[in-house]
Each structure stands twice: as structure tokens, then as C-alpha cells.
Amino acid sequence: MKVKMLSRNPDNYVRETKLDLQRVPRNYDPTLHPFEVPREYVRALNATKLERVFAKPFLASLDGHRDGVNCLAKHPKSLATVLSGACDGEVRIWNLTKRKCIRTIQAHEGFVRGICTRFCGTSFFTVGDDKTVKQWKMDGPGYGEEDEPLHTILGKTVYTGIDHHWKEPVFATCGQQVDIWDEQRTNPICSMTWGFDSISSVKFNPIETFLLGSCASDRNIVLYDMRQATPLKKVILDMRTNTICWNPMEAFIFTAANEDYNLYTFDMRALDTPVMVHMDHVSAVLDVDYSPTGKEFVSASFDKSIRIFPVDKSRSREVYHTKRMQHVICVKWTSDSKYIMCGSDEMNIRLWKANASEKLGVLTSREKAATDYNQKLKEKFQHHPHIKRISRHRHLPKSIYSQIQEQRIMKEARRRKELNRIKHSKPGSVQIVSEKKKHIVAVVK
Amino acid sequence: MSAIRASESSLLASSQQEELEDLPKDYPLSTSEDEGDSDGERKHQKLLEAISSLDGKNRRKLAERSEASLKVSEFNVSSKGSGEKLVLSDLLEPVKTVSSLATVKKQLNRVKSKKTVELPLHREEIERIHRQVAFNKTSQVLSKWDPIVLKNRQAEQLVFPLNKQQSAFAPIEHVLSGWKARTPLEQEIFNLLHKNRQPVTDPLLTPVEKASLKAMSLEEAKMRRAELQRARALQSYYEARARREKKIKSKKYHKVLKKGKAKQALKDFEKLRKVNPAAALEELEKLEKARMMERMSLKHQNSGKWAKSKAIMAKYDLEARQAMQEQLARNKELTQKIQLASESEEEEGGTEEDCDPLVSDVVNEVQVKANRPNPWMFRNHSSDTKEAETQEDPEELAGSMAHEASESEEEEGPVAEEEILLKEFEERRSLRQKSGLNQIAEPVGRPETKDSSSQAILSELRVLSQKLKKENRQSRKQEVSSVKTVLAVQREKPAQEEEEPLLLQRLERAQTLDKLEELSKEGCFQNKELPRAAAEGQCLERNPDNHLGAPKEKKKKEQMIDLQNLLNTKSPSVKSLAVPTTIEELEDEEERAQRQMIKEAFAGDDVIRDFLKEKREAVEASKPKDVDLTLPGWGEWGGVGLKPSAKKRRRFLIKAPEGPPRKDKNLPNVIINEKRNIHAAAHQVQALPYPFTHHQQFERTIQTPIGSTWNTQRAFQKLTTPKIVTKPGHIIKPIKAEDVGYRASSRSDLSVVQRNPKRLSIRHKKQLKKNSID
């Protein structure tokens with residue numbers, strides 16, 4: 001009698017080496033895996049909850065300054081190095097991995113108004129209230145040497161800001177006019193003015209490096225072309241712009257931090273309408289910095305909080321605050337796009353995670369796959385009410401919360417009034433001005 | 001050349017100036033001569049005036065005669081000329097006559113032709129113009145980033161840092177230096193290699209080659225690669241063309257081609273004979289030889305194995321003889337038939353089109369059948385005709401007809417005919433390729449009716465289809481253009497003013513799971529708090545799958561109302577005797593006609609019954625179902641056609657509890673859907689979220705699972721790719737022109753051009769205007 005036996009090919013189930021993964025036979029028949037949507041929904045809900053549970057963005061506070069931190073700068077070559085200038089003229093260089101100050105310089109008398117690093121990372125420049133521009137070596141002085149600047153330029157007027165060219169030994173300062181300096185010379189190679197007012201900040205375009213943007217206290221933003229040594233265009237807004245930041249991935253996009261609690265993202269070719277108005281702050285926005293991916297930016301505000309905005313959204317996706325953080329004066333997004341630093345009035349520099357619930361350190365591939373999956377699930381079910389509600393929930397200090405409520409009421413009242421005005425006037429006589437156009441006073445050619 | 005010209009002109013100008021300066025010295029003009037006299041005269045006049053003013057009266061001044069004038073009256077000398085400007089030509093007139101003053105004349109002429117220099121513009125205006133020009137230039141420079149920005153915005157995944165480190169290919173000697181032969185086999189191979197002096201360790205690249213490798217920049221390499229690619233594409237194109245031509249089975253095509261070639265060769269030969277008779281003779285010999293070879297290799301009909309054997313047998317066997325004859329006949333027939341077919345094809349095609357292009361394939365087939373007894377031939381032929389018909393696209397029909405006409409005209413000129421034939425073949429092929437695209441349009445364009453009016457209809461349809469195609473093309477173009485304008489549109493996208501805040505900011509912290517749970521519950525309550533009517537309205541709108549019956553119901557209702565109205569109208573009209581009966585009758589008749597029409601129109605559908613049926617179905621569907629847990633074959637005999645016993649079925653049947661009574665139980669003409677679940681509604685999306693335009697779109701995205709439970713590993717990975725990937729610990733630099741394949745600007749930003757903006761004139765302004773218009 002012949003006996004029939006089940007026989008399998010061992011190739012199908014035996015590993016070749018110990019290091020191979022075990023083959024797990026899977027049957028993808030959809031009837032065997034029912035309730036796809038409800039199961040995924042529950043997973044998404046759990047992922048959202050866990051995201052909120054693990055949202056602990058605050059990493060460290062760097063203390064040591066003896067006055068408010070007025071400016072920050074990133075090191076172009078080293079992720080761990082950060083420079084900061086304080087209101088008492090002190091410049092400190094920090095090591096982020098050790099969370100320690102590695103060098104202290106008494107750079108100026110009065111405020112350190114601006115600080116920027118050279119593109120190669122060997123030296124940095126500071127400007128202060130004492131009408132000087134100073135260049136410093138990044139490395140500290142040797143034993144027995146004095147800590148002195150490499151160069152000092154004494155100007156006629158106070159410089160309020162500085163920025164270094166991204167490729168060439170050229171830097172720009174601003175004060176009464178925008179000056180462009182060669183590093184080797186003590187006189188500016190070119191000065192550009194348009195009207196007479198104090199310019200608060202100047203920034204080089206990181207992509208088309210001959211472009212500059214500046215903002216002055218007469219409420220305008222002026223664009224310059226360094227090659228042709230001429231201003232290009234000027235846009236006047238409702239209120240003063242404190243600073244601007246260029247998008248590092250999109251050459252013609254920049255964002256302006258304004259006193260009227262809003263941020264405006266402009267396409268520099270069409271200044272009459274901003275691409276997006278970002279509103280969530282409840283006080284003047286003092287500083288803005290783009291993520292190096294160019295998809296998001298962080299803004300620091302006088303309302304003691306920092307917010308992260310997606311470039312294409314008008315509302316913030318995240319708000320960071322702590323009890324002790326006072327008016328945030330400067331903010332920077334680190335060049336690996338993982339962390340955010342902010343310097344505030346109460347002498348501290350704080351380090352935050354850019355993604356509040358992100359796990360730091362090296363992830364295993366399974367962890368990575370799980371986070372990716374969770375992220376996608378959250379994205380997929382983001383419109384479902386429960387998930388939306390949980391993922392949107394943020395705690396706010398009372399001051400900001402009450403201000404938000406107040407401003408909401410004000411805004412509603414204004415809207416109602418406008419509607420009433422339209423209702424009671426001749427049709428067509430009252431034009432509805434869109435939010436984007438509302439804040440632009442004029443564009444000067 | 002231009003430089004020389006410029007220098008010439010400058011020289012000329014300078015010389016002119018000199019001449020002008022010289023002028024008064026050499027030729028003192030008459031006016032300057034009597035300067036002293038005129039001075040005296042002026043004094044005299046002043047004196048006269050003083051005297052006249054002494055007596056107080058304002059005497060009428062008499063114009064003095066100082067110069068010769070045209071009008072001289074006896075009372076007065078008119079001073080008409082005195083107010084006029086001195087014109088150069090007037091001065092020249094007297095000079096004309098004197099030949100000695102030719103040089104002066106020339107100089108004056110030159111002066112006349114010279115133009116005045118434009119005034120420089122105001123400083124502010126100059127600056128503004130400068131700014132505008134610079135801005136235009138800069139925006140042009142920036143616009144090169146548009147496609148990259150768009151691409152990055154739409155990218156599924158962006159991996160940072162963007163500039164990937166190009167894996168430097170290590171030369172083989174470097175790799176080899178760190179490697180040693182260990183196993184005996186490897187050693188053996190190595191020994192062999194060394195024996196044959198293969199270059200193992202000595203550098204594979206000579207220093208020159210290395211230098212050239214280094215010297216070749218990325219751009220150069222890219223250019224070369226592009227060139228190579230182009231060459232390769234061309235080659236492959238020609239290859240493909242050759243292959244295609246080779247593949248063409250049509251004997252006719254090849255015949256025509258061959259004929260054409262032969263003609264060409266003959267022409268060439270004629271030319272050669274005129275130019276070089278010796279070479280021509282050689283060529284002739286060659287041709288003769290080729291012809292002979294051809295003749296020799298020609299296969300004859302009875303050369304096959306079977307034919308030969310039959311030929312032997314044919315002497316004795318009648319059957320074999322008959323078979324051979326048959327075969328011969330068949331052969332003849334076949335060969336003839338092929339020729340015939342190829343000829344008649346055209347004719348038939350032509351005639352058919354001429355008489356009636358609407359005749360269906362079947363009719364054609366029948367005709368063909370009548371002509372041809374040979375089924376094989378028939379099949380070939382019919383397929384051919386079919387093809388021909390399919391090729392005769394409605395659009396192209398007129399054109400092809402015209403072609404045929406021209407063909408018949410040019411039948412005399414054989415060369416032209418061949419060309420036309422070739423063209424036709426080409427056309428057919430292209431048409432065949434097109435036909436795939438036209439599949440949608442074709443059935444519209446080819447109705448199988450044989451009405452007399454169908455011709456007109458057909459032509460109309462043709463026009464329509466043509467229009468359709470045009471529209472298609474246009475829409476495609478528009479799509480392309482729309483892609484271009486996406487950025488602009490994005491810029492212009494209306495502000496979402498009342499955008500909902502992304503964050504829900506509160507005073508409480510919620511960082512534990514319990515609190516988060518509470519949060520979600522709160523959300524529930526909020527949902528419940530919604531005004532009920534609004535909520536219902538929303539649910540009606542937003543849960544269309546739950547309320548599939550709802551819109552239908554509405555429609556049905558409307559219909560019902562209509563019907564009732566109709567029924568009302570049907571009710572017998574009240575007849576009053578006072579009204580003349582004839583009119584009434586007329587009206588009645590009209591009404592009846594109308595009723596009849598309505599009856600006819602709604603003959604098929606009994607709306608009320610349909611509705612009742614629907615309601616019954618809805619009630620059935622909403623009833624809780626019994627659960628049958630019987631397992632066939634469990635504890636019984638199994639097999640085909642066997643059913644579990646009634647006892648068992650009774651035992652394992654779980655009866656569903658009676659549900660609550662339906663709300664529409666007592667409402668005969670309403671269906672109330674009770675499917676809506678409040679508990680589930682709290683988890684459902686209330687409004688269609690922003691990027692979606694249709695609820696089905698959104699549902700589809702929700703219903704496709706992305707987990708690894710439902711997808712293969714590969715699919716899972718693809719579905720869960722994050723949008724932005726960053727490497728930890730890597731610095732992300734701003735995007736560079738070189739990264740995306742643009743040329744980095746060679747000009748340094750340092751070269752600040754200091755210009756003097758004062759010499760900007762109207763010419764620049766004009767240029768600027770032109771720029772701004774552009």
C-alpha cells in the first residue's frame with residue numbers, strides 16, 4: 001500500500017543562514033482581515049493620543065548670560081556650536097551636546113545688536129551699540145593671549161544688524177543705510193539707501209546670494225540687488241516689520257515678522273499680495289527663522305511663546321512656552337532641522353525639539369516603520385472629530401489664552417461691523433478687502 | 001567696423017566744432033560789423049524816448065524804419081519781420097549766389113542738421129527707472145526657480161540634505177590593494193593572471209587619463225551624455241524604422257517599394273551611362289548577373305518532393321495524375337487569386353465608398369463571398385477590407401476619397417502612382433495607430449443604419465467627431481499650460497480668511513491617556529450639542545451612503561405629487577349647460593389628448609407600487625436578522641446536495657430580538673431611514689475636508705488600508721513613506737543652482753557696479769517702457 005504524505009520543500013521554510021529573517025507566510029486575503037477601517041481608525045486614535053502623551057519638546061536651558069539674549073547665530077559647519085549675543089555686550093559660544101558655554105567674550109559696550117558667522121565657520125562678526133563692527137576668531141585665544149577681535153571697524157552711526165554673504169567674503173550691515181563691506185576693507189564698498197529711516201535688519205538671500213532684504217522702522221520692507229547696487233522694490237505694511245527670513249529652498253519666498261502680531265510670507269516678485277498671512281500670535285512677532293527644509297518656520301513673539309507654522313498654512317501647528325520664559329527676542333532653527341533655539345529676555349537660551357513628540361536618538365528600522373505608519377495614520381484620519389480634537393489640543397498660559405479670547409471677540413466685532421456696513425450701504429459701494437490685501441499699504445517701485 | 005565708424009563720427013564732430021569756432025574769426029559776419037553804430041543808435045533812441053516822456057502824454061509810437069521790409073506804406077513802415085525768428089535758410093539765401101562762400105554754406109548746412117542734446121532726467125526719476133530695470137532683471141533671474149519650487153512642493157518625498165554625495169568610484173587597483181588571495185582557488189587564478197601579465201596592480205588609468213577625468217566638469221559630462229543620448233535615440237529610431245518597414249507583410253507594399261528602387265536604379269544607370277560609359281557597362285553586367293541568379297533560384301511549382309513523387313506515379317496512376325492536376329490548378333488559381341485580390345481590393349474599396357460608405361461589413365462579406373469561392377483567400381480579403389474600413393476614419397474619409405480621385409487621374413504616370421501608393425501605405429499605418437485613440441469616437445461616427453438620410457447624419461457626425469478631437473487636443477494643451485500657471489494660481493488663491501486655527505488652545509494640560517479620553521468625549525458632547533436640525537441637515541448631506549434612500553425618496557415624493565395632480569385633473573370636469581358644448585368638447589378633447597399623452601409617457605412606471613415595494617424592502621432590510629450557526633456536515637453525513645436537518649437548523653438558529661417599531665410605521669407614503677447611529681456619528685467626519693472635491697474621493701482614501709496587515713511589505717513601505725526625510729546629524733544647506741542642474745552664475749556677487757546714474761536719458765526710459773510692456 002502506498003502511503004501518501006504531506007511533503008514540503010524545505011527551501012520554503014528553512015533559513016539559509018542564522019542571520020536571515022524567518023519567513024512568515026502571510027495570507028493577504030481581505031476576507032481574513034476584516035474591519036480594515038475601524039481597526040486603522042483605532043490605531044490612528046491611539047497614535048494621536050500617544051503623540052500628545054509623549055509631546056515633551058523642551059530639552060534644555062542654557063543659562064549664563066547676565067542680560068537678555070538679543071541675538072543668536074548658528075555655526076555653518078558644526079551643529080553643536082551656537083553663538084549668542086546679550087544686551088550687556090557679551091557674546092557667548094555654546095556647545096549644545098554638552099549644554100555648556102565654551103567661550104565668553106565681552107564684545108561691545110551696550111547691546112550686541114547683531115551677530116553672524118562667516119560661511120566657512122572660522123570667524124564671526126558682531127555689531128554693537130558702540131558703533132563698531134568686530135570680527136572674531138571662532139577658536140578661543142591661546143594661552144597667555146588676549147581675547148581681541150581680528151578686525152574692528154568704527155563706524156559713524158550705530159549698526160543695528162549684520163548678515164554675512166553665503167559664499168563670498170562680503171557682509172552687510174544696516175543702520176541708517178544698508179552697507180555692503182568687503183572683509184578686507186574698512187570702508188563699505190557700497191551703500192544703498194531709499195528714504196531715511198533706521199533699518200532694523202538685513203538678510204542675504206541664501207540661494208540667489210546677491211539679493212538682500214531689509215526692514216526699516218518706517219513700516220517698509222526693501223529689497224536690494226547687490227550686483228547692481230540698487231534697491232529693487234519697497235512694500236509698505238500697516239505696521240513695522242521686525243525682521244525677515246528667506247526660505248532656504250525657494251529663492252523668491254521670504255517671511256516677515258510684523259508688529260501687528262502676524263507674519264507675512266511674500267513672493268518677492270509680487271509684493272502687492274502676500275502669499276500667506278500667518279496669524280496666531282497675540283503680541284508683536286520679534287523674530288522668524290526657516291527650517292532648513294523650507295517647509296516650516298518658527299517665530300518668536302513678545303507674548304512669551306514661540307510658534308511653528310507650516311509655510312502653506314495660516315495657522316500654527318505648534319506653540320511652545322514655559323512658565324519662566326519671558327519675551328522671546330530671537331529664535332533659530334538648527335541646520336539639521338531637528339531642534340529650535342530661542343533666546344529670551346530672562347537671559348536664557350532654550351533648546352526645543354522641532355517635533356514635540358519625536359523620539360530622539362537612533363531608531364531601529366522597526367521603530368522607524370512604526371512611526372512612519374503612525375504618522376500616515378494620523379494624516380489619514382486627521383479630519384475625524386476625535387482625532388482632530390486630541391491632536392489640536394494645547395495647553396496655554398492664562399495670559400495668552402485670555403488674549404486670544406479677547407482678540408477673537410475683537411475680530412468678530414470688526415467683522416460684524418463690516419458686514420453691517422455692507423448691508424446698509426449701496427450695493428457695491430463698500431468693497432470687501434481680503435485679509436491678505438488688508439495689511440499692505442503700498443508697493444513702491 | 002563699428003569702432004572705426006564711431007571714431008570717424010567723433011572726429012567729424014570735433015572738426016565741426018572747430019570749424020564753428022573758427023567761423024567768426026575767418027568770416028566776420030556783417031551783423032557784427034556795425035556793432036559800434038548800433039550802440040550809438042540805441043543811445044539815440046533812448047534819448048528820444050526820454051524826450052517824448054517829458055511832456056506826459058502817451059504819444060503813439062511810430063515804428064521806425066530800420067530795415068527793408070516787404071510792405072512800405074506812405075504813412076508807416078510795418079514791422080512785421082522784426083518779431084520773427086532768424087532762420088538759417090534766410091541767411092543762406094544770399095550766399096547761394098556767391099560761389100566763393102561754398103565752405104561757409106557747407107558749414108551752415110552741417111549746423112542745420114545737428115540736433116540738440118536731450119536734457120538729463122530728474123535724479124529721482126532716474127533712480128526709479130534704475131530700480132525698475134533691476135527688478136525686472138532680478139525677477140527674470142528668479143523665475144528659473146519656478147519649476148524646481150513647484151516640483152519640490154508637489155514631491156511625494158524629499159530627502160535632505162539635497163546634494164547627494166556622489167559615490168566616488170574607486171579605481172580597481174585601490175580595491176585590489178587591500179585584498180589578498182587566500183583560498184587556493186584564488187591563488188591559482190592570481191598566478192594565472194600574473195603569468196599573462198594582466199594589469200592587476202599597475203594603474204589602469206594613466207596620469208593623462210586621470211587628469212582628463214578630473215578636468216571634465218559636470219556640465220561637460222552632461223553635455224556629452226546628452227549628445228550621446230541623442231545619437232543613441234536617433235540610431236534606435238532608424239533601427240526601429242527599418243524593423244518596422246521590414247515587418248510590413250503587404251506584398252504590394254514591397255512590390256511597390258522594389259519597383260521604386262528599380263526605377264531609381266535605372267535612372268542612376270542612365271545618368272551613369274551618360275557620364276561614364278565603361279562603368280555603366282560594368283553595372284549592366286552586374287544587373288544581368290543578378291537577374292540570372294534570381295531566375296535560377298526561382299522556385300517552380302512542381303519542384304516539391306511530393307510533386308516529384310506524384311510526377312513519377314502520374315504515368316501509371318490516374319488518381320495521382322488527377323491530384324497533380326488539381327494541385328496545378330489550385331496553384332494557378334492561388335497565384336491568380338492573389339493578384340486579382342490585390343487589384344480588386346482597390347477597386348472595390350473605391351466603388352463601395354462611391355456608392356454607399358454606410359454598407360456594413362456583413363454586406364461586404366456577402367459580396368466578397370459571391371465573388372470568391374476560396375475561403376482562405378476570402379478571409380484574407382475580408383480582413384483586408386475590414387482593415388481598410390477601420391482605417392477609413394470618418395475624419396479622413398474625404399481626404400482618402402480625394403486621394404483616390406487623384407490616383408485615377410494619375411494612373412498614366414507610373415512613378416507618381418507609386419509615390420502615391422507609398423504615401424497611402426504610410427497614411428494607413430498612421431491611421432491604424434490612431435484608431436486606438438479614436439475608438440470612442442468611432443462607434444458614433446459609424447452607425448449601421450441604411451436609411452437614405454443616413455448620409456447627411458453621417459456627415460454631421462463626422463463634423464462632430466472632428467470637433468471633439470479638436471477639443472480634446474485643446475484641452476490637452478490647456479492642461480499643459482495649466483501646469484505652468486499653477487504657481488501663479490497658487491499665488492492668487494483667495495485667502496482663506498476664516499481659516500480654522502490648527503491648534504485648540506486651552507488652559508488645561510492633557511498629557512495622560514485618561515485626560516485625552518475625556519477630551520475625545522468632550523468632543524462627543526459638543527457634537528451632541530449641535531442644534532438638532534442643523535445636525536440632521538448635515539447628516540443628510542454628509543452621510544449619503546447611510547441615506548441612499550433619501551434623495552430617491554424625495555424624487556419619488558415629487559413624482560407622487562405630480563401624479564396626484566394629474567389624477568385631479570383627470571377627475572371629470574363639471575359640465576355646465578350655460579357653456580356652449582362645442583367649445584367644451586374641444587377643451588375636453590384637448591384634455592383627453594393630454595391625458596393620453598401623459599399616460600403614454602408614464603405607461604411603464606407605476607410609481608405608487610414602486611414606492612410601496614421600496615418601502616417594504618427598506619423595512620425588511622432594517623429588521624434584525626436571525627443568525628444561523630449550523631455547520632453543514634458537522635455530526636451528519638456530508639456531501640453534495642445534502643442539507644442539515646431541520647432539527648439541527650432549529651437548534652442552532654439564534655433568533656434576533658424584535659427591534660423597536662419603525663417610525664414610519666403609520667406613515668404610508670414616507671420612508672424614514674433609521675440607520676443613523678448617534679454613537680457612530682460622533683466619530684464620523686461632518687463636512688467634506690478641504691482638498692477633496694467629492695465625498696466619494698474622501699471615502700476612497702479612508703477605505704484603502706495602509707497597514708501591513710492588509711498590504712504586502714513593499715506596498716506598506718511605499719504607502720508609509722514620510723514626506724520629508726532628514727538625516728540626523730547632517731547639516732542641510734540651502735538649495736544651490738548646481739544641485740538642480742543649473743549653471744552657477746560665473747559672475748561674482750562682489751563685482752558691484754558703481755555707475756553714474758546721471759547720464760540716463762529718454763532713450764533709457766523708452767527701453768524701460770519696452771521692457772515693462774514685455
Side-chain angles (χ1 to χ4, degrees), chain A residues 28 33 36-37 40 49 52-53 79 168 170 189-190 206-210 225-233 248-252 267 269-270 275 292-293 295 313-317 319 335-337 372-373 375-376 383-386 389-390 392-396 398 401 404 434-436 445, chain B residues 128 130-132 134-135 138-139 141-142 145 149 152 160 491 494-497 499 501-513 516 519-520 523 527 682-683 685 689 701-703 705-707 709-710 712 719-720 722 724 726 728-732 734-735 748-754:
Chain A
Y28 291 105
H33 308 283
E36 306 101 327
V37 181
E40 289 218 314
K49 283 175 185 171
R52 286 291 89 215
V53 169
L79 277 174
E168 283 160 14
V170 173
I189 48 174
C190 162
I207 306 167
E208 292 296 345
T209 47
F210 58 89
D225 190 336
M226 195 178 96
R227 278 182 181 174
Q228 300 175 52
T230 170
L232 297 175
K233 225 171 204 186
M249 289 295 145
E250 296 169 8
F252 40 80
D267 184 333
R269 296 167 298 178
V275 180
T293 57
K295 298 281 175 202
K313 295 269 162 56
S314 78
R315 297 300 189 148
S316 61
R317 76 157 170 85
V319 54
S335 6
D336 60 349
S337 141
D372 286 349
Y373 179 45
Q375 196 57 44
K376 269 281 137 75
H383 303 293
H384 286 68
H386 279 198
R389 192 170 173 76
I390 293 169
R392 276 169 58 206
H393 180 270
R394 295 289 181 285
H395 162 254
L396 278 182
K398 198 176 176 187
Y401 180 77
I404 289 174
S434 72
E435 186 68 34
K436 280 180 182 175
K445 280 179 183 169
Chain B
R128 196 174 66 230
H130 264 290
R131 285 196 298 260
Q132 282 189 36
F135 182 79
T138 316
S139 352
V141 169
L142 286 174
W145 288 98
V149 167
N152 281 352
F160 292 102
R491 221 179 294 142
Q496 295 167 328
E497 285 177 33
E499 195 178 318
L502 287 177
L503 302 177
L504 192 88
Q505 293 136 343
R506 295 189 140 211
L507 285 171
E508 302 93 50
R509 265 178 220 285
Q511 279 193 325
T512 57
L513 276 175
L516 289 173
L519 257 185
S520 59
N527 277 341
H683 293 270
V685 182
T701 59
I702 292 296
Q703 269 158 9
I706 50 173
T709 321
W710 299 276
T712 57
L719 283 169
T720 59
I724 291 170
T726 54
H730 280 250
I731 290 173
I732 302 165
I735 198 166
S748 162
D749 295 348
L750 247 177
S751 58
V752 176
V753 187
Q754 296 280 11

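Letters go in sequence order (proteins before strands), and every chain restarts at 1.
- Between the side chains of B:W710 and A:E40, no donor-acceptor pair of N or O atoms lies under 3.5 Å.
- For A:L79, the side-chain contact (heavy atoms from CB on, under 4.5 Å) partners are A:S335, A:D336, B:I731, not counting sequence neighbours.
- Partners of A:R394 according to the side-chain hydrogen bond (donor to acceptor under 3.5 Å, both in side chains) rule, which considers only residues two or more places apart in sequence or in another chain, are A:E318.
- Taking each heavy atom of B:V685 and A:H383 in turn, the nearest pair found is CG2-O, 3.8 Å.
- Residues B:L504 and A:R389 are in side-chain contact: their nearest non-hydrogen atoms beyond the backbone lie under 4.5 Å apart.
- We find the NE2-CG distance between A:H386 and B:L516 to be 12.5 Å, quoted to the nearest 0.5 Å.
- Once rounded to the nearest 0.5 Å, the distance linking CZ of A:R227 with OG1 of B:T138 reads 9.0 Å.
- Here the NZ atom belonging to A:K49 is positioned 11.0 Å from the OG1 atom belonging to B:T512, to the nearest 0.5 angstrom.
- Proximity to chain B is limited to the side chain of A:D225, based on heavy atoms less than 4.5 angstrom apart.
- B:R131 contributes a side-chain N or O that, together with a main-chain N or O of A:K445, makes up a donor-acceptor pair within less than 3.5 Å.
- Interface remark: B:T701 contributes backbone atoms only to the contact with chain A (heavy atom separation under 4.5 Å).
- With rounding to the nearest 0.5 Å, the separation of CG in A:L232 from NE2 in B:H130 is 13.0 Å.
- Put simply, the side chain of A:R315 does not reach to within 4.5 Å of the side chain of B:L503, judged on heavy atoms.
- When heavy atoms are compared at a cutoff of 4.5 Å, A:Y373 approaches chain B by way of both its backbone and its side chain.
- Heavy atoms closer than 4.5 Å to chain B are found in the side chain of A:I404, but not in its backbone.
- Most heavy-atom pairs under 4.5 Å with chain B: of the set A:H393, A:H33, A:K376, this distinction falls to A:H393.
- In this structure, CD1 in B:I735 is found 9.0 Å from CD in A:E250, a value given to the nearest 0.5 Å.
- In this structure, A:H384 and B:H683 have side chains that are not in contact, with every pair of non-hydrogen atoms separated by 4.5 Å or more.
- For chain B, the nearby parts of A:E36 are the backbone and the side chain; heavy atoms of each come within less than 4.5 Å.
- Here the side chains of B:I732 and A:M249 are in contact, with some heavy-atom distance below 4.5 Å.
- Using a 4.5 Å cut-off between heavy atoms, B:I724 contacts chain A through its side chain alone, with no backbone atom that close.
- Heavy atoms only, all atoms of each residue included: B:V149 and A:F252 are closest at CG2-CZ, 3.8 Å.
- Top candidate by heavy-atom pairs under 4.5 Å with chain A, chosen from B:P705, B:S139, B:G729, is B:P705.
- To the nearest 0.5 Å, the span separating NZ on A:K233 from CD on B:Q132 amounts to 8.0 Å.
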